[in-house]
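Lettering follows sequence order; numbering is per chain, from 1.
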Amino acid sequence: MNDSRMSTSLPMAFRGDTPVSIQVQSILYNNRASDVKRALQSLARSAELAMRAGVCKQVLVRYGDSSQMPCFKDDEVAELQREFSSSISIEYVHFGANLGSAGGHNKLAEESTSDFFLIQNPDVVVCPRIFQLLLEPFSNRGVGLVEAKQLPIEHPKEYDPSTGETSWAATACALVPRSLFERIGGFDSASFFLYCDDVDFSWSIRLAGYQVIYQPAAVVFHDKRLTADGKWQPTASELYFSAEAALILAYKWSRADLAEKILEYFDVAPEPHYSRAAAEYRNRLSNGKLPKPVDIENKIAQFIDGNYATHRYAL
Amino acid sequence: MLNSHNEYRNAYAPNNVYGRALELLKRNSGRTNARSRIHVDIGCGRAAIAEKVRDELGLEYIGFDGNEDSVNDLKQRGFEAYLLNLEGIDATRVALTAALDGRSVASITMLDTLEHLPDGDAVLAAIREVAQKDNSLLVFSVPNVAHRDVGFKLAFGMWSYTDAGLLDHTHVRLFDRKTFEKTLRKAGLHVIDNFDVHQNHSDQYFPDTHPVLAGGTLLRSYLKKLRNNVDLDADVNQFVFACLPGGAVAEQPFINVRESPRPFLSIVTRTQGKRLHCLVEYFTSLAGQSCDDFEVVIVGHHLSIEKQIGVEGVIEDNPEWLRTRTRLVLDDRGNRAHPLNVGFAAANGRYIAILDDDDLPLGHWVEAFKALEQENEGKLLRCVSLKQNIVDVNVLGRKGIRSVAHPEACYPSTYDHLDHLRQNYSPNNTLAFPRGVFHFLNLKFDEALSTTEDWDYIVRVANVVGVASSEAVTGIYHWWTTAHSSRTEHADNEWSVNYSLILQKMDRDPVLLPPGSTAKIRALLSERDGDRRHIEMLREQIRGLESSESYLGGHVGDPETYAPRFGLVESGYRRVLDEELARRLKMERVVGLLESRSWRISAPLRFVKRIVSRGRSVSISACSRMTIAELDQVIAAIEASASWRLTAPLRRH
């Protein structure tokens, strides 16, 4: 990391002796109520422990629903609010449109007064001490984003085994100070819909001079299944949006050359999602809808073997 | 119920019920009222113990029986005797009280009588009232209806009432140990000692041509092995219990609740409290299960107080629903197998799974087992795990686990019992054991084994209940590459000693094999025969080449000399010959390695497919088709493999 870029005045630092308020925000999209409730049970317990330990003073859980049909009815929300009222507050809004991940999180972050945002998937099950473990690294004022380790399939991206410093953080579960979130303008929802919004978000935080930390002691269970040969099988929409995001990310982070190479590959690849992604990219390019390139000197972004960090192993 | 076909003229013998009863009276005499000098024998029949009680215990013997001839006979022998029909509590109490006429009672026996009484509970209650006045010692005996001679025959539809004996046709109540104990307790009679009569062959050992009875049959051997493992009662002919009177308990001697509700799965986990960060990952993964029909039994093994507090803290941190279904059981004894037995004993689930605290379940780990049970009730259930290498890290002062390789599919996707007779292909977290094998057949982990106790248990359980497999990947089996684990803390020779022990155990008893096994055995035998033929052919070829080499050896470098003599021998041919010879010598080396004792012994330590990667297994016939370079690769891989290095001591001379 380039220390010269390090901020000297982080808007919100965690000192450990002053309880903070946290807004946990998740985007719903046709989630099963039972999965959300299971996640809430663990989250509520974690909030209870964090408040008892004096590290948190308030935990608000905000759901934004991008589904066409709401995942929860009003009475079901009220029931959840009652059930977990001793430790967390719950708010639910049905967007009425699919805002995607980036747009949804930006929407939920609006008008918040919480000190930190815990951005996470609605079905991740957190470990009991998640708040303390994710807050601790913020005692270093140079830290801007702290990510939890996902179970049972850990992401293979490289991180420093002592400091936890890493290229980017997945927002399946990551903690960021609200002030920093606002300062970098939240997620780039104009460029990213579902995937790589977190990579871009992480790099924006690093571009602003802060570190992204991966804390393997803070674990969350994110129910992913593997094929018989140990591979992760992405869905069709995951493949498409990942492909589209790969092109846009390369362009935005001043690697138009790489975007061209990816396009060459997509053009000859037989899978239809690649040609669709290439067409969308070219459409944005010709209409001037791609983001303005940043990190011109390529000091932040990492494009390594098709990944956005060095990977310890292929998954 | 009196028996008009048999007068039970059994004589006293030290090893029959009379001798055992007398011994119980002797060795528990200190518990009786020392001032009392009366012994009461109810249902005394021909009173085989009368003289012994008088002469050896120094007590005054009084006999009661419903058979007038027996009473008269006893009187003629100089003993006090009364006619007594044991019917109802009041009649029994009145008759006994009247006969005793205020005399205090040192001890009471009622031998082989209770099973004849239509209202035995009332008679016992009356006896207890009489005994309680003087805190009299009591000895009761009943025949054991669960003797294996009765049980084995009954399993095949044979139930043989006889004129006397275990299945005397006048028996109106049948007892096994538990029923007998409960019956006594219900009447306020509490067992303090026992001295049962054992008989390898009971009076029910007939017809001796029945395959479950004939001593040499596999069927009897298999049944005996299982039955003897359950408890020590298989050959008990009569239970002989010493009791003292006390308060009656409310529990009925019969079962009125057939099944209690229980969770589908009990998850048993050993911990030494050394890896609390692993335990946090473990519980977080359980909190994320798609099916919550489970309970958790954490067995703290040799925990110090500090470590116990640490483990309790991790449990306490969990959300309420998970915390309340988790129990910490402390175990300060034994080796690695002991806490498994403790955990299984504490488990309430229909199935019991082992999940080590450093392994991870996927979200459908419980759900997949439960789905598998639907069509395979009672079988050992088996899913699939991937192996992943991990190390400990310390990030900003917090301990965490770092995966260092991708999850590897190195275990077979289905269970093959024959394969498991050689080595274990099923990590603990792939299995769920049916509760019955532990709780009813008493099949336990062998605590004599210091490693691979899980493999031994899998095979023993599978031999009895069979295995149902699912190809679903439901778990990750973590493999420490730096820290201590069971894989690293045991010496090489310990592994091989345990391996040999397990093989010996497998061959000690008959086994059941699942359907389809004979076809697999035939295929294996055919493969073996093919390999043998192939090896012999190769050896012959090598011998042929060696003789050619020997013959040609003297002429190497002197083409002028040999070329005219052999014509066809040219330098190009010579090169080919040399290469083929080198290739076959290398193949002999591979054959030697694969057939070596240490390679075979090291089998449980490794997964052959990984040696020559990409799923190609190393077999002798496969090697015969390899090039020199490929053979070099195999030799290097074998010699570099962990298992080959671990078994180095086995190759020392």
Side-chain angles (χ1 to χ4, degrees), chain A residues 32 34-35 38-46 48-49 123-130 132-133 136-137 139-140 143 146 148-149 151-156 159-165 213-232 311-315, chain B residues 276-278 280-290 292 313-323 359-365 368 384-410 413 471-476 478 615:
Chain A
R32 290 189 308 183
S34 57
D35 292 342
R38 183 184 59 192
L40 271 174
Q41 286 171 322
S42 289
L43 194 64
R45 176 60 175 163
S46 304
E48 185 185 340
L49 292 172
D123 56 348
V124 297
V125 173
V126 299
C127 71
R129 301 281 174 177
I130 190 77
Q132 292 99 310
L133 292 167
E136 275 176 0
S139 60
N140 174 353
V143 170
V146 180
K149 172 186 164 184
L151 302 173
I153 315 298
E154 186 182 19
H155 197 286
Y159 65 91
D160 186 297
S162 300
T163 66
E165 198 169 0
I213 298 296
Y214 180 82
Q215 176 48 281
V219 293
V220 297
F221 189 82
H222 190 192
D223 192 351
K224 285 185 179 173
R225 313 281 166 97
L226 292 170
T227 59
D229 57 355
K231 305 289 185 214
W232 177 56
H311 280 197
R312 309 197 292 280
Y313 49 85
L315 190 62
Chain B
L276 294 183
H277 57 303
C278 296
V280 171
E281 287 202 353
Y282 160 98
F283 274 117
T284 305
S285 302
L286 290 184
Q289 288 297 301
S290 56
D292 65 0
V314 172
I315 295 171
E316 179 63 23
D317 274 0
N318 287 315
E320 186 182 7
W321 74 268
L322 182 55
R323 188 169 69 238
D359 293 335
L360 287 182
L362 268 60
H364 59 324
W365 186 68
V384 182
S385 259
L386 303 178
K387 175 173 163 270
Q388 187 170 33
N389 292 347
I390 55 167
V391 294
D392 265 330
V393 284
N394 192 316
V395 171
L396 302 174
R398 292 285 186 179
K399 262 189 161 182
I401 297 167
R402 174 181 167 104
S403 52
V404 293
H406 68 88
E408 191 182 0
C410 58
S413 56
E471 295 189 4
V473 174
T474 63
I476 293 184
H478 275 162

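Across every non-hydrogen atom of B:Ala287 and A:Val125, the tightest pair is CB-CG1, 3.6 Å. Taking every heavy atom of both residues into account, A:Leu151 and B:Thr284 meet most closely at CD1-CB, 4.3 Å.
Contact annotation for A:Pro156: neither backbone nor side-chain heavy atoms come within less than 4.5 Å of a heavy atom of chain B. B:Ser413 does not touch chain A: none of its heavy atoms, backbone or side chain, sits under 4.5 Å away. Only the backbone of A:Lys224 has a heavy atom closer than 4.5 Å to any heavy atom of chain B. Only the backbone of A:Tyr214 comes within less than 4.5 Å of a heavy atom of chain B; no side-chain atom from C-beta onward does. Contacts between B:Ser290 and chain A at a heavy-atom distance below 4.5 Å involve backbone atoms as well as side-chain atoms. Within the 4.5 angstrom heavy-atom criterion, only backbone atoms of A:Val126 (N, CA, C, O) approach chain B. Only the side chain of A:Tyr313 comes within less than 4.5 Å of a heavy atom of chain B; its backbone N, CA, C and O stay farther away. Contacts between A:Asp35 and chain B at a heavy-atom distance below 4.5 Å are absent for every atom of the residue. Contact annotation for B:Leu396: both backbone and side-chain heavy atoms come within less than 4.5 Å of a heavy atom of chain A. Residue B:Gln388 touches chain A through its side chain alone, counting heavy-atom pairs closer than 4.5 Å. When heavy atoms are compared at a cutoff of 4.5 Å, A:Leu43 does not approach chain B at all.
For the pair A:Glu154 (side chain) and B:Arg402 (backbone), a donor-acceptor distance under 3.5 Å is absent. Judged purely by atom type and a 3.5 angstrom limit, A:Arg225 has no side-chain atom pairing as donor or acceptor with the backbone of B:Leu362. Distance alone, capped at 3.5 Å, is enough to place a donor-acceptor pair between the A:Arg45 side chain and the B:Asn318 backbone.
Note: A:Ser162 leads A:Ala44, A:Ser162, A:Ala217, A:Ser42 in heavy-atom pairs under 4.5 Å with chain B. Note on B:Asp292, B:Leu322, B:Leu360: by heavy-atom pairs under 4.5 Å with chain A, the leading option is B:Leu360. Note on B:Asn394, B:Val384, B:Asp317, B:Val393: by heavy-atom pairs under 4.5 Å with chain A, the leading option is B:Asp317. The greatest number of non-hydrogen atom pairs below 4.5 Å with chain B, out of A:Pro161, A:Ser46, A:Cys127, is found for A:Pro161.
Two residues are said to be in side-chain contact when any heavy atoms from C-beta on lie closer than 4.5 Å; B:Pro407 and A:Leu315 meet this criterion.
Remark: A:Ser34 pairs with A:Arg32 by the side chain to side chain contact (heavy atoms under 4.5 Å, CB included) rule, at least two apart or across chains.
The structure places CD of A:Gln132 at 8.0 Å from CZ of B:Arg398, a figure rounded to the nearest 0.5 Å.
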Problem set entry | Working for side chain to side chain contact (heavy atoms under 4.5 Å, CB included), residues B:Ile401 and A:Lys149 | CA-CA 9 Å; B:Ile401 297 167; A:Lys149 172 186 164 184; 3.6 Å; yes
